[in-house]
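Order of appearance sets the numbers: ligands from 1, and atoms from 1 within every ligand. By convention here, the first residue in the shown sequence is residue 1. All heavy atoms count here, side chains included; hydrogens, waters and symmetry mates do not.
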Amino acid sequence: MPNLSEIEILAKRNPDIPFEVIVKEDILRCGISWSPEALAIAAEYKNKSYFIFSFDMAPISSLENKENIKAPEEIRLVGGQYNFLPVVVSVRLNPDSPYRVESDENSLVLKLAGDAVSRVELQKTPDYYRKTLSSGRPISEIAPSIEWGYLLYLTAFRLCQYPTAGEGCLYCDINENYRQQKNSGRPYSPVKSVEEVVEALDIIASVDGDSKAYTVTGGSIAETLDGKSEIDFYVRYPEAIERRLPGRWISKAAIQALTKDDVKKLKDAGVQIYHPNFEIWDARLFETYCPGKARRVGRDEWIRRILDAADVFGTENVIPNFVAGVEMAPPAGFGSVDAATASTAEGLDFFMSRGISPRFTTWCPEPLSALGKERRGAPLEYYIRLLRVYRDTRAKYKLPAPRGYGEPGLGRAVFSVSSFMDTV
Ligand code: SF4
């Protein structure tokens, strides 16, 4: 576990990566804890919605202060002794983390092992979070926002058929998170109806000016769901939204790699950006850690489909996600930062040389997932090196800033589950 002098030494050794970004990545890989007083303040702001996975490093059953219903979705670090420019960080609860938010009179302070790092700001609860649908269901359950309000996150299917079939990705806790949320009383349902999603967005459109994009997503449908194939299930959402509110938001879909014909259906429905998430570049680790994707689609076919999707959407509108750091997860992961970054750098070069710009989610070792039980993420050094290679490979191929994430750059970016937008 880090302390502030170690972070300062790392920052001095890596002057091209901003200090606030190094701290952000360290918080994402270690999680964050809250004093009871800070938690009481946070409870009055926009709370964590558990929009798809737990993204926590502790199960709800071990959160003694009810952090799961009081902690905010995100924090914004600013000012302090290092004069941080604002960076938005997703809140991953871990009561054992050395990063802790404490209250200082009426403001909040981020501390690392007791040393103050920066001030902490919270996002006000959007007005629509307090509204309900005609069914009585809260809108915040149907269409929560992340990225400081920029992105509406529409998890249409809260489960995934791969884990049910014993083929779930080993870093993923989607089904386990569903179970713990239901047990804790959160009004989760496995499937959100198209009608309730459209009703929620109708209300949001009338009262909210912050959201600029939405993502339709959910677990993979390996067989069928409600008698529908994966594309036929998911395509109904953007179709209905764009029919009702054409062009109101940048429309995105994060669904596994589809055939070219299915991708065309997404495009015809009005989707503008497609995320066929790749997760891990290394072939051996893709097979081992993504068994469902490997068996039912296959890595080579997955790559072909990403390239085909670029023909349909345009290269700049196909953005596959990588789970950054999971390639170092034991037992099969790389044993050195050099090997792990070299592997992912190869994947970045492969896609970027073809005009496709991947993005990252910093791996959160969720204890309800197979790989997260030890709660040990990749070393901080790995993330620093990855951000550098990402930035430099983008520059090498002269790629524009990724679409659909808001403004890029330190102090302006809002993407909260990794720092790729802070360093573009
Ligand atoms: S495909 Fe893998 S990462 Fe995606 S929801 Fe299913 S198990 Fe999780």
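Counting only heavy atoms, the protein never gets under 4.0 Å from atom 4 (Fe) of ligand 1.
The protein atom (non-hydrogen) at minimum distance from atom 1 (S) of ligand 1 is Ser220 OG, 3.3 Å. Counting only heavy atoms of the protein, atom 8 (Fe) of ligand 1 lies nearest to Cys172 SG, 2.3 Å. Counting only heavy atoms of the protein, atom 6 (Fe) of ligand 1 lies nearest to Cys160 SG, 2.3 Å.
Counting non-hydrogen atoms of other residues, nucleotides and ligands closer than 6.0 Å to CZ of Arg354 gives a total above 12.
Under the side chain to side chain contact (heavy atoms under 4.5 Å, CB included) rule, Trp281 has a single partner from Ile303, Leu348, Asp349, which is Ile303.
A salt bridge links Arg296 and Glu223; the closest N-O separation between the charged side-chain nitrogens and carboxylate oxygens is under 4.0 Å. Ion pair Glu20/Lys24 not flagged as a salt bridge, since none of the NZ, NE, NH1 or NH2 atoms sits closer than 4.0 Å to an Asp/Glu carboxylate oxygen.
Among the atoms of Cys169, no N, O or S atom is found under 2.8 Å from atom 8 (Fe) of ligand 1.
Side chains of Ser90 and Glu73: a donor-acceptor N/O pair is absent below 3.5 angstrom, by distance only.
Only side-chain heavy atoms of Lys293 come within less than 4.0 Å of ligand 1; its backbone N, CA, C and O stay farther off.
The side-chain hydrogen bond (donor to acceptor under 3.5 Å, both in side chains) check on Arg29 picks up Asp26, with sequence neighbours excluded.
No heavy atom of Gln161 sits closer than 4.0 Å to any atom of ligand 1.
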